[in-house]
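Everything on this sheet refers to the single structure shown next.
Throughout, numbering of the chain's residues begins at 1 and tracks the sequence. Remember, it's 1-based here, ligands and their atoms both numbered in the order they're listed.
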Amino acid sequence: MIELREKNVVRANIIQSDITSHLTAEEIQEIDTELSHVPYKSGAAIDALTIVQSKRGWISDESLRAIAHHLEMSAEDLEGVATFYNLIYRQPVGEKVILLCDSVSCWICGADTIKEKISAKLGIDYGETTHDNRYTLIPVPCLGACDRAPVMMVGDDLHRNIDDKIIDSVFGDLNEDNDSNESRLNSGVKNSSVKNSNSNSEEGQS
Ligand code: FES
């Protein structure tokens, strides 16, 4: 009986260290800094997700479980937080994420047309990533620049009053860069529901 209990303790320790090992020392240190500013650990959930995403580009199931374990909350609760926020990615994204505002001011000023033009140029729909892994297109609510609608962010850059000229300058002129755009058009990767897939394991991603 005692032997069985000891075995279970050893197994639990192994599982715990497996989970913890999914976070790097640097990630743990940064998360712990945030923890020192909040009264309870789950209060740092968004910061912890953002920290890990900034290092890895997205939040896999393994990362999510490791963060939840570190914050002493359930993976289900943390998943609820992660899926609530548009900017936490639960699937791999491209080098740059295009956040296209689809709220009312931008919609009135032609966000739908802008979306169609970007989709045609890059060969991707919302939630998809170009085959060359450069761009992922995601709709977002108001980016806070309604007076300059339509608006999008590409990586860290905010683009206002988007028109054909801006689309060409950001993504390249289709006529000048025909070959690479053609290849993107033909090979947009179906990557729907960037945020909410159930198979978000790092294992098996290539
Ligand atoms: S509605 Fe698009 S930036 Fe506000």
Considering residues at least two apart in sequence or located in another chain, which fulfil the side-chain hydrogen bond (donor to acceptor under 3.5 Å, both in side chains) criterion with Asn161? none
Kindly indicate whether the side chain of Leu87, heavy atoms from C-beta on, has any atom under 4.5 Å from the side chain of Thr50. no
Going by an N to O cut-off under 4.0 Å, is there a salt bridge joining Glu26 and Lys55? yes
Could you tell me whether Gln29 atom CD has more than 12 heavy atoms of other residues or ligands within 6.0 Å of it? no
Heteroatoms of the protein, restricted to N/O/S, which lie under 2.8 Å from atom 2 (Fe) of ligand 1: Cys101 SG, Cys106 SG
Contacts of type side-chain contact (heavy atoms from CB on, under 4.5 Å), residue Asp77, not counting sequence neighbours: Met73, Ser74
Extract all donor-acceptor atom pairs below 3.5 Å that involve side chains of residues 96-104 and protein atoms in other chains or at least two apart in sequence.
| from | atom 1 | to | atom 2 | distance (Å) |
| --- | --- | --- | --- | --- |
| Ser103 | OG | Cys142 | N | 2.9 |

